[in-house]
Amino acid sequence: MVNFQELDAKWQQAWREAKLFEAEPDGRQKFYLTVAYPYVSGPMHVGHGRTYTVPDVISRYKRMRGYNVLFPMAYHFTGTPIVGAAKRVARREPQFIKVLTERYGVSGDEFKKFEDPHYFANHWAKVSDLSYRKGMEWLGYSIDWRREFTTVDPHYSRFITWQYHKLMEAGLIVKGEHPVKWCPRCQNPVTDHDLLDGEGVGIVEFTLLKYRLGDYVLPAATLRPETVFGVTNLWLNPNVEYVLAEVDGERWVVSREAVEKLREQGREVGEVQKFSTRELMGKEIEVPLTHKRVLILPAPFVDPDNATGVVGSVPAHAPYDYVALLELQKKPEPLKQWGTDPAAVQKLGAISLIEVRGFGESPAVDVVKRMKIKSQTDPKLEEATAEVYRNEFAKGVMRDWVPKYGGMQVSEAKAQVRDDLVFSGEAAAMYEFSAKPVTCRCGAKCCVRLVKDQWFLNYADEAWKEKARACLAQMHLVPPETRAQFEHVVGWLHEWPCTRHIGMGTVAPWDSNWMIESLSDSTIYMAYYTVSHILKTVEPDKLTDEVFDHIFLGKGDAAAIARVTGIEEQKLRAMRGEFEYWYPLDYRMSANELIPNHLTFFTFHHALLFPQKHWPRGIASFGIAVLEGQKMSSSRGNIVAINEAVRKYGADAVRLYLMSTVEPWQDFDWRAHEADAMLRHLERFYAQAQEIVALPAPGRPSLGLPERWMLSKLQRHVREATEALEGFEVRKALQHALFSLMQDLRWYLKRARGDEACAYVLKRVLDTWVRLLAPFAPHTCEELWHQMGKEGFVSLTPWPKVEEGIIDRAAEFAEDYLAGISDDISNILRAVKIERPTRICLYVAQDWKWRAYRMALERVRAGRVEVKELLREVERGLGLRLYTADLAKFLHRVVQEFRAMHEERLAELAGVELDEFQVLFDATGFLSKQFGAGVKIFMADDATRYDPQDRAQLSKPMRPAIHVE
RNA sequence: GCGGGGGUAGCCAAGCCCGGUUAAAGGCGCCAGACUCAAGAUCUGGUCUCGUAGGAGUUCGGGGGUUCAAAUCCCCUCCCCCGCACCA
């Protein structure tokens, strides 16, 4: 049994000592690729392994193609999840602690240190056996480790400072306000990771329509301001507490719960006093915009904790409103209690203002009837509301009677009405969670806070978008289908909040209250890699904007900058040289899910900050990874860590497996038993290779058909694998480089005689094979290369070239023919249920059939064929008259077959000379071994043939007749 | 809802752009045989249905169409996945 782990260590050390992957600019053509650096909040698992093995395979392949390849790596520390995780440790959250100790081997005495986010991140970046650095080393990645960094290194912060100065100068950083989830107790914004409850809950914008009664304002919250034209009344919940509050100088009546929310959302809230809605019930109030007067009525369904607790009623388009109104009309008793006239309520009816295909006059009425909803507490109302809302928004049109907005699409009218009302002061905005509850890990109930003075990157800027489009247009995208999505995102992207108050990162250069957020500090770090190893040798405070201007934009004079900053001139020149050598980036790789943000930001920032000649050349987007069909989650511990996988299978089997089942852009599923199987494949390959290595060195023997076939197929696999790798199709490449080649070799070994020619072929195959697999299984291939007595590292050996001269179409044709005959025999044996045949006879079509066959073939290729005509022609050509009936039947069959064939196949048949008898005769030994029977080959017209069933007459060219017994 | 991507045999997946060489590569799983004291590994064969002759029949989410011919082209429909912003 091979100890792959030993091979891994041996060759990793050899590479390290030879500094094999430390890339320096030189005269060769360069190839520079990067993959999104990991966000180090937990262990490196096989999902990450898939993501990072792809670029390594491509790097190794390109290196063998003669490129000077740079493949660097760093660690993303910026942002909140690491801080959040450290907080969870600080709180000693039992579940999290359990995973850390039991699953990830963190010892109890380390917890104190883990409370420091920096320590926590560093642990997963480089320290732990489960860390990214170690995982990547164990997998044998060809990374230039001298260039690694973290995004909180002071040098990197200087770089981000430079970048944001540039963006500020370009006027692309703007100020605005922005709603966030907020914990009132922690006095902090909260991310999903900080939540006990409410993960993934969105924030929706309500419009508060200001209904007026005297100097009271009742701000009714709605998601559908366009329905203001259909309002029949206002709802207040008679069972809950309302208050009268001074809000922005107006006297607002809202639920008790709403007050704090309004305050968080930046409204001036003055005196708040208890308020009895009794004095309002049954009164008339003025609707904004329409200035209609409607009744204020009681409705228990109104939720005081949703927005303001004041709701306008639009029965035609809101199922809740319709049902509540029906209930009041049926049971008017509560009305009397409030002194309201039931007759007035009876008169109220649905006012339809939206027309929707597939619904009647009032969609809400339709749906309520269809779903048989009787009460406003019926949970089915949620579903009914969703259905009405969805349909009206998507397909609805404002009815003609509606002033100004009549005829408009609902989706358009909604925004228009809102904007108009906000502008006129008749409405305001309020944010609310799309679902509840939302609870912080500290236990407090969260709310929506409107953050003022938030900084945005203005991706809405049209000139910037144009540059991004131009950059996108010149990039090669893998897979090409992603282009539509990219283009769409560029158009749709608008202001992106680029700063945060919490988390690790670089302080915003213009406002020290803020930090640059994680997706905004990782847009151009590919440029940083080109010089990071030299930057490390410079004091960070010497890294002024002038330095980066010089390195990346060629501004200024190295000598002068050296004088001002105190950085050695030679270092400045070296850095400028590195950047100019490596840039532009050839490929950026990242996940599919990052297309709408990171990958598009990357495009925007490069397009803006760098001259066109330094724009990136390509993007490859990858699919996600799951574990036995289940989502992997580091924080819950259901992962296969790289460390575990490599210990079990060795680096190469893991790499091969990760590359073999799907292409990079497809979703990957890790299944242990398939990984097991891959290890066995690798072992088989290794054993096979060693057998070949052990064969005595052959001379230059002459080659038989199987030999020529094997070498020809080898060339085909080289070609296929090469083309596949050029398109990042690692699975397809492996399909050829590993599986197909293995299969062909098996066939060849059955056919071969084990002579000198065989040894010669096997050695040649192995020489190519090891190189084909080297990008995928570098350790095993290095070892074999060494065992083969080759000089140097296979990692730097030229990639195999397709030797056109060795492609032997005739040999492939003959061998395919033979395999087909072998299959036919098996098929017959199965059909007649003979398991152990004693005798097999093959009858090869005689000369006249071949000549007729060729004539028919030519006629079919030339165009339309009349069998009658062809028959005459063939008779003439063959000088045969006696067999007209047979000939006619034969030609008919043959022509029919040809007609169903592809042009290419016909051309091939016409172009190849095949001596059927010779091929079969030479393969007699092989066939009789295959079937364990005596095998005889006859010409069909051989008078002395053994043919008890008179089968010979059935022979056709390419289909010899067969007799078995 | 919007934008993007998919639905192929027990599972994963190729093929689809450029219709015929495709009952449809390869891997996994499963079955049988060889080897072995046995198991595992390995090797060989099989794995839609039927078949005493290399064949026939029915398949590529569902329905319809174009064509001599459709997994592949067109139309309709159902279902699944990803993203939709402060989450990296």
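Protein chains get the first letters and strands the later ones, always in sequence-line order, with residue 1 at the start of each. We use all heavy atoms of the structure for the numbers below, so side chains are in, but hydrogens, waters and symmetry mates are not.
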Searching all strands shown, indicate the nucleotide that pairs with B:U66 (Watson-Crick or G-U wobble; both distances under 3.5 Å). none
May I ask you to verify if any side-chain N or O of A:H681 is less than 4.0 angstrom from the OP1 or OP2 atom of B:C28? yes
Could you list by number each residue of residues 954-965 of chain A showing a heavy-atom separation from RNA chain B of less than 4.0 Å, or answer none if no residue does? A:R959, A:P960, A:A961, A:I962, A:H963, A:V964
Any side-chain N or O of A:K750 below 4.0 angstrom from OP1/OP2 of B:G45? yes
When both distances are under 3.5 Å in a Watson-Crick or G-U wobble arrangement, the nucleotide paired with B:C2 is B:G83
Atom pair distance, as rounded to whole Å: CZ in A:R830 and C1' in B:C50: 13 Å
Do nucleotides 6-23 of chain B as a string where each nucleotide becomes B, S or -: B if the base has a protein heavy atom under 4.0 Å, S if just the sugar-phosphate does, - if no protein is that close. -----SSSS-----B---
In whole angstrom, give the distance that lies between atom CE of A:M659 and atom C1' of B:G26. 17 Å
Take atom C1' in B:U42 and the same atom in B:C50, then report the distance between them in whole Å. 34 Å
Whole-Å gap separating P (B:G1) and NE2 (A:H488): 15 Å
Sequence neighbours excluded, the answer for ring pair (Phe, Tyr, Trp, His ring centres under 6.0 Å) partners of A:Y459 is A:W464, A:F601, A:F604, A:H605
Under 4.0 angstrom between A:R684 side-chain N/O and B:C43 OP1 or OP2: yes
Side chain A:N827 and base B:G54 donor-acceptor under 3.5 Å: no
Please give the distance between the P atoms of B:C74 and B:G6 as a whole number of Å. 14 Å
B:G26 phosphate, OP1 or OP2: any side-chain N/O from A:Q743 under 4.0 angstrom? yes
With a 3.5 angstrom cut-off on both distances, give the Watson-Crick or G-U wobble partner of B:A53, or none if there isn't one. none
Looking at every strand, decide which applies to A:V190 at a 4.0 Å heavy-atom threshold: base, sugar-phosphate, or nothing. sugar-phosphate
Rounded distance in Å - CG (A:D669) to P (B:C81): 15 Å
Could you please name the partner base of B:C43, counting Watson-Crick and G-U wobble pairs only when both distances are under 3.5 Å? B:G33
Cation-pi between A:R951 and A:Y843: NZ/CZ under 6.0 Å from ring centre and within 45° of the ring axis? no
In whole angstrom, what separates A:I828's CD1 from B:G46's P? 15 Å
Using Watson-Crick or G-U wobble geometry with both distances under 3.5 Å, which nucleotide pairs with B:A14? none
Value in whole Å for how far the P atom of B:G45 lies from CD1 of A:I825: 14 Å
